[in-house]
Amino acid sequence: EVQLVESGGGLVQAGGSLRLSCAASGFTFEDYAIGWFRQAPGKEREGVSSITISDRYIDHADSVKGRFTISADKAKKTVYLQMNNLKTEDTAVYYCAALLRTWYIGSGGTRWSDFGSWGQGTQVTVSS
């Protein structure tokens with residue numbers, strides 16, 4: 001059973017940094033891609049960053065390019081999201097989810113909508 005546990009959220013001032021962690025268990029880590037998503041109040045959930053564990057293919061939403069970095073530690077079965085230069089609009093609950101590497105890329109690029117096995121989420125609040 002795929003299990004994902006997020007941690008690392010908190011309150012930070014605009015311009016600050018946070019690092020989120022997504023600890024994985026219950027599946028063959030290298031066979032999957034892990035994605036970070038976020039959902040702000042009143043808004044739909046959106047894909048933020050994703051990485052394929054086996055070959056480190058990475059994708060970022062345009063809104064976070066140049067500010068967020070995603071990485072994976074195979075030994076720890078953990079994916080990290082380093083968030084720098086945070087903005088108030090980054091405030092949201094952040095979730096990680098998994099998708100088999102085979103399904104990661106479609107005709108339209110990263111298959112954000114096909115990720116599943118969601119973690120419980122971690123709150124990120126950026127104050128002005």
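For Gln13 (side chain) and Ser128 (main-chain N/O), no donor-acceptor pair under 3.5 Å exists by modelled atom type. At distances below 3.5 Å, at least one donor-acceptor pair connects side-chain atoms of Thr91 with backbone N or O atoms of Val126. Formation of a donor-acceptor pair under 3.5 Å by the Arg56 side chain with backbone atoms of Ala72 is found in this model.
Side-chain heavy atoms closer than 4.5 Å link hydrophobic residues (I, L, V, M, F, W, Y) into clusters, and following such links, even through other members, never connects Met83 to Leu11. Residues Leu99 and Tyr80 fall into different hydrophobic clusters, defined by Ile, Leu, Val, Met, Phe, Trp and Tyr side chains chained together at heavy-atom separations under 4.5 Å. Using a 4.5 Å cut-off between side-chain heavy atoms of Ile, Leu, Val, Met, Phe, Trp and Tyr, with links allowed through other members, Ile70 and Val5 fall into different hydrophobic clusters. Both Trp103 and Tyr57 belong to a common hydrophobic cluster when Ile, Leu, Val, Met, Phe, Trp and Tyr are linked at side-chain heavy-atom distances under 4.5 angstrom. Side-chain heavy atoms closer than 4.5 Å link hydrophobic residues (I, L, V, M, F, W, Y) into clusters, and following such links, possibly through other members, connects Phe68 to Val124.
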Apply side chain to side chain donor-acceptor pair (under 3.5 Å) to Asp73 and Thr78, showing your working.
CA-CA 5 Å; Asp73 185 326; Thr78 299; over 6 Å; no

Please lay out, stage by stage, how Asp62 and Lys65 fare under the test salt bridge (charged side-chain N to carboxylate O under 4.0 Å, His left out).
CA-CA 5 Å; Asp62 288 342; Lys65 284 180 180 176; 3.1 Å; yes

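Annotation: the span from Leu81 atom CG to His60 atom NE2 amounts to 8.0 Å, rounded to 0.5 Å. Within the model, atoms OG of Ser63 and CD of Glu46 stand 5.0 Å from one another, a figure rounded to the nearest 0.5 Å. Annotation: the span from Leu18 atom CG to Asp90 atom CG amounts to 10.0 Å, rounded to 0.5 Å. In this structure, the separation between OG on Ser49 and OH on Tyr94 is 9.0 Å, given to the nearest 0.5 Å. From Asn84, atom CG reaches atom CD of Gln82 across 4.5 Å, with rounding to the nearest 0.5 Å.
The cationic group of Arg101 does not satisfy the cation-pi geometry with Tyr32, failing either the under 6.0 Å distance to the six-membered ring centre or the 45° limit from the ring axis.
Nearest heavy-atom pair, Ala92 versus Arg38, reported as atom, atom and distance to 0.1 Å: CB-CB, 3.8 Å. For Cys22 against Ile34, the heavy-atom pair with the smallest separation is SG-CG2, 4.1 Å. Nearest heavy-atom pair across Arg111 and Gly106 is NE-CA, 3.5 Å. The shortest heavy-atom contact between Trp112 and Gly47 is CE3-CA, 3.6 Å. The nearest pair of heavy atoms linking Phe115 to Ser50 is CZ-CB, 4.2 Å. The nearest pair of heavy atoms linking Glu30 to Ser54 is O-CB, 3.4 Å.
Around atom NZ of Lys74, more than 12 heavy atoms belonging to other residues, nucleotides or ligands sit under 6.0 Å away.
Ile51 places none of its side-chain heavy atoms less than 4.5 Å from the side chain of Trp36.
You'll find the ring centres of Trp118 and Phe37 inside the 6.0 Å limit.
When the options Leu20, Leu4, Ile53 are evaluated for a side chain to side chain contact (heavy atoms under 4.5 Å, CB included) with Val79, the one that passes is Ile53.
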